[in-house]
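To keep things clear, I will list the structure first and then write my remarks on it.
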Amino acid sequence: MVFRSLGFRRPEVDPALADRTPPGQYLTDRWPVLHYGSIPRFDESLWSFRVTGTVETELSFDWAEFQKLPMTTVHADMHCVTRWSKLDNDWRGVSAREIIRRAAVKPETRFVNFICEAGYTTSIPYETFDRDDVLLALSHNDERLSPEHGFPLRAVVPTLYAWKSAKWIRQIQFMAEDSLGFWERYGYNNHADPWEEERFS
Ligand SMILES: Nc1nc2c(c(=O)[nH]1)N[C@H]1C(S)=C(S)[C@@H](COP(=O)(O)O)O[C@H]1N2
Ligand SMILES: [Mo]
């Protein structure tokens, strides 16, 4: 790509990129870091990942157990509401559908809450979670996530603005009723479709 060396790409000169750039976004090859609060410290002996709520089988994994789950790769673009988009990310981790299958999600489930370190939460509709492009990622472009990008584990929901891709995730809670997340309580749009520019509510 001609413009890659400049650190940004130009959708206006490349129609293929324009088709992948939601309205009001610019492309960056850098990977900005964006979150509220400080980066949590990872303690392998204390870390756990839990799956709770409207499920037949609640799940709990320690760090060693989680890493033994089957892994898949998702190639996806990332769009932040602050207007940067980063295309062509390879995420590797445990697919949403693997979690759904193992927990045996109950029919009344309509929303999925991502619960993270330090109380950050964000929720998405169940039908947005039950897709083959959603995963719990351990690595990005063949490298273990760095602490600022969510190590050891983050959610990836490519079809929504990136505040729904929760870093430092520790729990998935399936729900019959929605629960507003951290940024959503500050006025971010709860649906968050970048193609519809659902930035604020
Ligand atoms: N736990 C947590 N996850 C979070 C956030 C946060 O504040 N806390 N911010 C979100 C926002 S607004 C964005 S744009 C992406 C940024 O991910 P990155 O820092 O890896 O680029 O993380 C999302 N995940
Ligand atoms: Mo963001």
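Numbering of ligands and ligand atoms starts at 1, following listing order. Just so we're clear, the structure is a prediction, and the values are computed from it rather than from any experiment. We use all heavy atoms of the structure for the numbers below, so side chains are in, but hydrogens, waters and symmetry mates are not.
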Query raised in the report: Does an N or O anywhere in P32 fall below 3.5 Å from an N or O of ligand 1?
Result: yes
Query - Side-chain donor/acceptor of S85 to backbone N/O of L27, under 3.5 Å - result: no
Report task. Starting from atom 3 (N) of ligand 1, find the nearest protein heavy-atom neighbour and note its residue, name and distance. Result -> K167 N, 2.9 Å
Report task. Output the list of atoms in ligand 1 that are nearer than 4.0 Å to some heavy atom of V33, sorted by atom number. Result -> 19 (O)
Query - Chi angles and distances behind the ring-ring contact (aromatic ring centres under 6.0 Å, His included) call for F174, F129 - result: CA-CA 10 Å; F174 292 99; F129 184 76; 5.7 Å; yes
**Report entry** Per-residue contact class, K86 against ligand 1 - non-hydrogen pairs under 4.0 Å
**Finding:** neither
Report task. Consider ligand 1: state whether an atom of it lies below 4.0 angstrom from any non-hydrogen atom of S165. Result -> yes
Report task. Look only at interatomic distance and state if H35 has a nitrogen or oxygen under 3.5 Å from any nitrogen or oxygen of ligand 1. Result -> no
Report summary line: Taking only non-hydrogen atoms of Y36 and a 4.0 Å limit, the atoms of ligand 1 in range are 6 (C), 7 (O)
Report task. Check each heavy atom of E117 against ligand 1 and say whether those closer than 4.0 Å belong to the side chain, the backbone, both or neither. Result -> neither
Query raised in the report: Is a side-chain donor or acceptor of K164 paired with a backbone partner of S123 at a separation under 3.5 angstrom?
Result: yes
Report summary line: The closest protein heavy-atom partner of atom 23 (C) of ligand 1 is A162 O, 3.3 Å
Requested in this report: Give the residue and atom name of whichever protein heavy atom lies nearest to atom 8 (N) of ligand 1, and the separation in Å to one decimal.
Outcome: Y120 CD1, 3.2 Å
Query raised in the report: Is the centre of the F49 ring less than 6.0 Å from the centre of the F66 ring?
Result: yes
Query raised in the report: Is it true that L138 and L136 fall in one hydrophobic cluster, defined by side-chain heavy atoms closer than 4.5 Å?
Result: yes
Requested in this report: Please say whether C80 places an N or O atom under 3.5 Å from an N or O atom belonging to ligand 1.
Outcome: no
Report task. Could you check atom 12 (S) of ligand 1 against the protein and tell me its nearest heavy-atom contact, residue, atom and distance included? Result -> W163 CB, 3.5 Å
Report summary line: Note: W183, heavy atoms under 4.0 Å from ligand 1, region reported as side chain
Query - Min N/O separation W168 to ligand 1 under 3.5 Å - result: no
Requested in this report: May I ask you to check whether H140 and W31 place their ring centers less than 6.0 Å from one another?
Outcome: yes
Report task. Report yes or no: does K164 have a heavy atom closer than 4.0 Å to ligand 1? Result -> no
Query raised in the report: Checking ring-ring contact (aromatic ring centres under 6.0 Å, His included) for the pair W163/F182: CA distance, chi angles, key distance, verdict?
Result: CA-CA 9 Å; W163 80 81; F182 176 84; over 10 Å; no
Requested in this report: For W31, take its heavy atoms, then give the atoms of ligand 1 lying under 4.0 Å from any of them.
Outcome: 18 (P), 20 (O), 21 (O)
Requested in this report: Determine, stepwise, if the pair Y36 / Y120 fulfils ring-ring contact (aromatic ring centres under 6.0 Å, His included).
Outcome: CA-CA 9 Å; Y36 176 80; Y120 183 91; 8.6 Å; no
Requested in this report: May I ask you to check whether W84 has an N/O atom sitting below 3.5 Å from an N/O atom of ligand 1?
Outcome: no
**Report entry** Residue that, paired with W84, satisfies side-chain contact (heavy atoms from CB on, under 4.5 Å) out of H79, R30, M78
**Finding:** M78
